Amino acid sequence: MDLSIVIPLYNEEENVEQLYTQLKAALEGVGREYEIIIVDDGSTDGSFDVLKRLHEGDERLKVIRFRRNFGQTAAFAAGFDRSQGQVVITLDADLQNDPADIPLLLEKIEEGYDVVSGWRLHRQDPFLTRRLPSIIANWLISQVTGVHLHDYGCSLKAYRREVVKNVQLYGELHRFIPAIANWMGVSVAEVPVSHHRRRFGKSKYGLSRTARVLLDLLTVRFLLSYSTRPIHIFGGLGLISFVAGIGLGGYLSFVKFALGQKIGDRPLLLLAILLMVLGVQLISMGLLGELVVRTYYETLDKPIYAVREVLEIRD
Ligand code: UDP
Ligand code: MG
């Protein structure tokens with residue numbers, strides 16, 4: 001299997017049929033072995049009936065139906081788990097992405113990139129509530145993760161199989177896949193893709209998503225840089241705080257015993273105590289973190305590295 005197309009779908013009754021037709025046309029043009037995996041994320045409209053009918057006429061269309069609405073990230077994860085293609089391509093089911101752009105992404109993958117992200121140059125969404133927050137979010141995510149992309153939110157993306165096999169998705173982390181995958185050392189490319197106004201059905205998100213994206217960014221940053229060495233970040237801060245506290249305490253003891261002044265009413269005393277307690281707290285948190293990390297990696301059998309290839313002679 002060369003290609004897997006993974007599509008999360010939630011209440012897109014009017015879009016399903018046309019999506020399928022456009023996909024078919026695009027994929028037949030590519031001339032590769034492919035499968036289409038549509039994940040029905042607990043739709044409550046007639047989406048599933050349409051999917052079922054389409055599936056009956058096409059064995060290359062696979063449909064996964066969730067029991068309830070688990071969210072777009074979960075839908076991607078389910079699709080990835082069942083995908084078999086060497087290249088996995090994701091897109092939205094609402095016809096805002098254009099299946100005709102798939103060959104563009106594939107071209108980049110063939111050039112050797114591991115992740116290719118669509119970039120909606122002429123995005124057809126409201127400016128204030130969608131495009132502006134997205135511009136800021138993209139800038140911030142790029143700065144924080146070090147993977148510079150113009151359009152993290154674009155669902156139309158292509159990944160090599162190793163990439164999707166190596167990222168675990170939680171919460172709403174699907175938009176961060178390029179950044180998460182970067183820990184294993186991937187090459188990322190961007191291609192401009194077209195974007196259309198939503199014609200049928202409603203968008204499932206509003207402004208509140210921006211806040212969640214920011215919190216997720218915090219998680220991603222932490223996972224990327226310190227997940228294997230929590231003692232370094234917590235312990236480092238803890239040490240600074242503890243040493244500063246001891247220093248202040250020493251100074252106050254000097255004032256008390258050598259100079260014979262009263263120190264009971266000095267705010268500095270409070271600060272010294274605060275810093276020492278905080279230091280001990282932070283260091284213990286780092287140590288606890290180390291325990292948690294060991295459990296995490298060992299129970300999940302997660303490697304702390306990613307190998308591209310091995311050259312060795314075996315007998
Ligand atoms: N979607 C989903 N589960 C959800 C919300 C959305 O599978 O809980 C799907 C939806 O059907 C669409 C895609 O995710 O195919 C993107 O959703 P939407 O178009 O509402 O987001 P927007 O394009 O407005 O950011
Ligand atoms: Mg949409």
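Residues take their numbers from the sequence shown, with the count starting at 1. Whatever order the structure lists them in is the order used to number ligands and atoms, beginning at 1. These figures come from a predicted structure and were not determined experimentally.
- Annotation for ligand 1: atoms under 4.0 Å from non-hydrogen atoms of Q96 are 19 (O), 23 (O).
- Considering only non-hydrogen protein atoms, atom 14 (O) of ligand 1 sits nearest to Q72 CD, 3.2 Å.
- The aromatic rings of F80 and Y159 sit perpendicular, their planes meeting at an angle over 60°, well past the 30° parallel limit.
- When heavy-atom distances to ligand 1 are checked against a 4.0 Å cut-off, D92 comes that close through both its backbone and its side chain.
- For the pair R68 and F70, the cation sits on the ring face: its NZ or CZ lies under 6.0 Å from the ring centre, inside 45° of the axis.
- Looking only at protein heavy atoms, the nearest one to atom 9 (C) of ligand 1 is P8 O, 3.7 Å.
- Closest to atom 1 (N) of ligand 1 among all protein heavy atoms lies Y10 CB, 3.7 Å.
- The main-chain N or O of Y113 is found under 3.5 Å from a side-chain atom of R160 such that the two form a donor-acceptor pair.
- For R175 and Y152, the positive end is not near the middle of the six-membered ring at less than 6.0 Å and at most 45° from its axis.
- Looking only at heavy atoms of the protein, atom 4 (C) of ligand 1 is closest to D41 OD2, 3.4 Å.
- Looking from atom 24 (O) of ligand 1 to the surrounding protein, the closest heavy atom is S203 OG, 2.6 Å.
- Each of the following atoms of ligand 1 lies closer than 4.0 Å to a heavy atom of D94: 15 (O), 18 (P), 19 (O), 23 (O).
- With 2.8 Å as the limit, Q96 counts as an N, O or S neighbour of the Mg ion (ligand 2).
- For the pair A75 and ligand 1, the shortest N or O to N or O distance does not fall below 3.5 Å.
- Taking the charged nitrogens against the carboxylate oxygens, E14 and R198 have no contact shorter than 4.0 Å, which rules out a salt bridge.
- No side-chain donor-acceptor contact under 3.5 Å links D40 to the backbone of V63.
- Under a 4.0 Å criterion applied to the non-hydrogen atoms of G71, ligand 1 contributes the atoms 3 (N), 8 (O).
- In this structure, R209 is positioned above the aromatic face of Y205, its NZ or CZ under 6.0 Å from the six-membered ring centre and within 45° of the axis.
- Proximity of a side-chain donor or acceptor of R197 to a complementary backbone N or O of Q96 within less than 3.5 Å is not detected.
- Annotation for ligand 1: atoms under 4.0 Å from non-hydrogen atoms of E12 are 10 (C), 11 (O), 12 (C), 15 (O).
- Counting only distance, with no hydrogens or angles, the side chain of H55 and the backbone of K62 share no donor-acceptor pair below 3.5 Å.
- Using a 4.0 Å cut-off to heavy atoms of R209, the atoms of ligand 1 that qualify are 25 (O).
- Listed by number with element, the atoms of ligand 1 under 4.0 Å from a non-hydrogen atom of N69 are 3 (N), 4 (C), 8 (O).
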Apply salt bridge (charged side-chain N to carboxylate O under 4.0 Å, His left out) to R60 and E28, showing your working. CA-CA 12 Å; R60 288 200 269 196; E28 294 300 338; 3.7 Å; yes
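- Scanning all protein heavy atoms for the shortest distance to atom 20 (O) of ligand 1 gives K204 N, 2.6 Å.
- For the Mg ion (ligand 2), the N/O/S atoms of D92 include none lying under 2.8 Å.
- Distances from atom 22 (P) of ligand 1 to the heavy atoms of R198, R130, K202 show the closest one on R130.
- Remark: side-chain polar atoms of N182 are not paired, donor with acceptor, to backbone N or O of P178 under 3.5 angstrom.
- No donor-acceptor distance shorter than 3.5 angstrom exists from the side chain of D41 to the backbone of A75, with no hydrogens or angles considered.
- For atom 15 (O) of ligand 1, the nearest protein heavy atom (residue, atom name, distance) is A93 N, 2.8 Å.
- In terms of distance to the Mg ion (ligand 2), the nearest N, O or S atom of D94 is named OD2.
- Of the N or O atoms in Y205, none lie within a sub-3.5 Å distance of an N or O in ligand 1.
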